[in-house]
Protein chains: 2
Amino acid sequence: MTELGDTMKASKAPAIARAAAVLRLLGKRGVPMGVQAIARELGLVPSTCLYVLRALVAEELVAFDADTKRYTLDAGVLTLARAWLRRDQFNDLAQAPLDRLAREFGITTLGVQVFGLDHIIVTAMSQSGQNFQLSTQVGSRFPALVSATGRCIAAFGNYPVSELEPRFEHLRWDEAPSWQEWLAQVEEARLSGVAVDAGHYIAGVTVIAAPVWKGGRDDTRRPGHALVAIGIGAALRSELPRLKEALKGAARSLGEQLEG
Amino acid sequence: MTELGDTMKASKAPAIARAAAVLRLLGKRGVPMGVQAIARELGLVPSTCLYVLRALVAEELVAFDADTKRYTLDAGVLTLARAWLRRDQFNDLAQAPLDRLAREFGITTLGVQVFGLDHIIVTAMSQSGQNFQLSTQVGSRFPALVSATGRCIAAFGNYPVSELEPRFEHLRWDEAPSWQEWLAQVEEARLSGVAVDAGHYIAGVTVIAAPVWKGGRDDTRRPGHALVAIGIGAALRSELPRLKEALKGAARSLGEQLEG
DNA sequence: GAATGTTATTCTGTATATTGAATGACGGAA
DNA sequence: TTCCGTCATTCAATATACAGAATAACATTC
């Protein structure tokens, strides 16, 4: 599409951009797809698409069913992911405090990695086993500015308002806040060091996020990660102040441990 | 290197083979690496390697530290893996019986995907929480012919002996069986429908593997998956016959459910 | 401070990956 | 059956990604 075209033309290895686009498409769709369908969707020439697919099959990143001539993701992607999980320092260090918080407060906690104003990816998760819990999966992507992490990124990223507003407009919420409300909440997050989403993103669910800076807090740089706590709003209310402090503390000490 | 050269020259999209090789290298090493080091290791020209890396960074599959000029895997690989896990039919269906077996026998169970005679990848795992357990991680790769899965693949894959022997020679075992012993064990697996490795691969540990055929057993095709049970040899002895039957049954019924 | 070994990066001609049209292969409709 | 549309795949011409040398930016060592 147009987005693919941009990343491709700039690069000196456009095949890689195409390959990544194919992998992501196959991941998103989930259903086995034929060459033509993939090519059409991505705006690729069918023959080129075929070569890309063949190369990916050779690498075991894509599986090919010779009978139906359909392609799907293959298990090779798992191997890469495992390697990443094993070596990511944030992930290693985050798991213990996330577990502790989840257990102590009976909530779900997440570690996320921030990709600018585009999106965040969940890289670690812990759930208190007791009863039902909201939960995502490791690897999930969310728009950067949504929910508590969104306010967190806005509050500590030093982005100009002109960059924030257009992105804000496109977000989906259960109970969307107004632009002015949101700005006020961002300002509050900046002052308190923790961002809160009280039922806006998902009705009845409170989300809290604290920024993590490599090597400790540094207001001149943008936080690369965040710790997130998710709980039922009603059940959380009395504990909220304590949880905010606990999350902020965990995020701070985690940041100080990062990068030696 | 030579292997990379082969897959590359055959392909009409060599950049993808290079990209995959870079990703795997970064995954294997775990440490951040510079352009030159990567290029040297893979037998690439530094400039080409640089372009590959830049493309991968643009796709968020590789992270670049501008200060140290070092590259590592990035979280994007996780997103792909998650997409794969969510829609792999074998994985979905395998988890429940794996959990059941793990709990009932107090062992670790695995679901694996077979890649010909090359290797297998662990795609699902279940551990009985009680005490210490041998365990791998989802995403791990093993040589195809090693341990119980190896005998399983040899027994049901209809491979000519001439293809098996050279690969067999290169395997690493705690207590390597002789070629003749191994062939006898393979034959036994063929007759009984389950393969057993009694302390050969890892001393003191018994591994059992049963083949899974899409759409039910079909001796004209090769099994694409297998269920594996891992337990301490001594603790398992009395239960072994029952476990073998249980694993075989689970593998059969799983195969029948696959592919609609 | 000069010299030497690194490193990452830019530059340029050419081998080649990409393209779009042509060819086959298939499946459903008439 | 024969037609038609759609599919995957091959092919030959050309735009371009790539290899290799040259450059630039470092550290380290003398």
Side-chain angles (χ1 to χ4, degrees), chain A residues 1-23 25-26 29 31-59 61-74 260, chain B residues 1-23 25-26 29 31-59 61-74 260:
Chain A
M1 1 175 74
T2 146
E3 189 200 344
L4 209 186
D6 291 353
T7 30
M8 253 179 50
K9 275 182 211 104
S11 161
K12 292 227 175 190
I16 294 173
R18 282 190 276 261
V22 166
L23 290 174
L25 177 64
L26 289 175
R29 285 287 174 283
V31 235
M33 297 179 77
V35 177
Q36 199 102 199
I38 297 170
R40 209 176 318 113
E41 195 114 4
L42 296 174
L44 295 178
V45 177
S47 59
T48 303
C49 189
L50 180 68
Y51 297 137
V52 169
L53 284 165
R54 289 225 252 251
L56 289 171
V57 168
E59 302 300 332
L61 297 174
V62 164
F64 174 58
D65 184 327
D67 296 331
T68 64
K69 310 257 176 188
R70 295 278 118 103
Y71 299 82
T72 46
L73 282 189
D74 202 352
Chain B
M1 357 219 324
T2 148
E3 189 200 342
L4 208 186
D6 291 352
T7 32
M8 251 179 53
K9 277 184 209 102
S11 162
K12 294 227 174 188
I16 294 174
R18 283 189 276 261
V22 166
L23 290 175
L25 177 64
L26 289 175
R29 285 287 174 283
V31 240
M33 298 178 76
V35 177
Q36 199 99 202
I38 297 170
R40 209 176 320 110
E41 195 113 4
L42 296 173
L44 295 177
V45 176
S47 62
T48 302
C49 189
L50 180 67
Y51 297 139
V52 169
L53 285 165
R54 290 225 251 249
L56 289 171
V57 168
E59 302 299 331
L61 297 174
V62 165
F64 174 59
D65 184 327
D67 296 331
T68 64
K69 311 254 177 190
R70 295 279 118 106
Y71 298 82
T72 49
L73 283 190
D74 202 353

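Remember, predicted model here, so these are calculated numbers, not experimental data. Reminder, nothing fancy here: chain letters follow the sequence lines and each chain counts from 1.
Phosphate proximity of C/dT10 to B/R54: present, with a side-chain N or O under 4.0 Å from OP1 or OP2. For A/K69, a side-chain nitrogen or oxygen approaches OP1 or OP2 of D/dT9 to under 4.0 Å.
Rounding to the nearest 0.5 Å gives a distance of 10.5 Å between CG of B/L42 and CZ of B/R18.
Between A/P46 and B/A37, it is B/A37 whose nearest contact on DNA chain C lies nearer the 5' terminus.
Looking at the side chain of A/S47, the nearest of the listed nucleotides C/dA17, C/dG20, C/dA8 is C/dG20. The A/V35 side chain lies nearest to D/dA8 when the options are D/dT10, C/dA17, D/dA8.
Remark: P of C/dT16 and OH of B/Y51 are 18 Å apart, rounded to the nearest angstrom. Look at NZ on A/K12: it is 15 Å from P on C/dT18, rounded to the nearest Å. When rounded to the nearest whole Å, the span between CZ of B/R70 and P of D/dA27 equals 11 Å. Summarising the geometry, the separation between CD on B/Q36 and C1' on D/dA24 is reported as 14 Å, rounded to the nearest angstrom. Following rounding to the nearest Å, B/R18 (CZ) and C/dA17 (C1') show an atom-to-atom distance of 11 Å. Distance CG (B/L50) to C1' (D/dA21): 16 Å, rounded to an integer number of Å. To the nearest angstrom, P of C/dA8 lies 14 Å from CG of B/L44. Between the P atom of C/dT7 and the CD atom of B/E41 lies a distance of 13 Å, rounded to the nearest Å.
Side chain A/Y71 to base D/dC7: no donor-acceptor pair is found below 3.5 Å.
The closest side-chain heavy-atom distance from A/V52 to A/V22 is below 4.5 Å. Side-chain contact between A/C49 and A/V45 is absent, with no heavy atoms from C-beta onward closer than 4.5 Å.
For A/R29, the side chain to side chain donor-acceptor pair (under 3.5 Å) criterion is met by A/E41, not counting sequence neighbours.
If you check every strand for non-hydrogen atoms under 4.0 Å, A/V45 touches a base.
Scanning both residues, B/K69 and B/F64, for their nearest heavy atoms gives CA-CE1, 3.6 Å.
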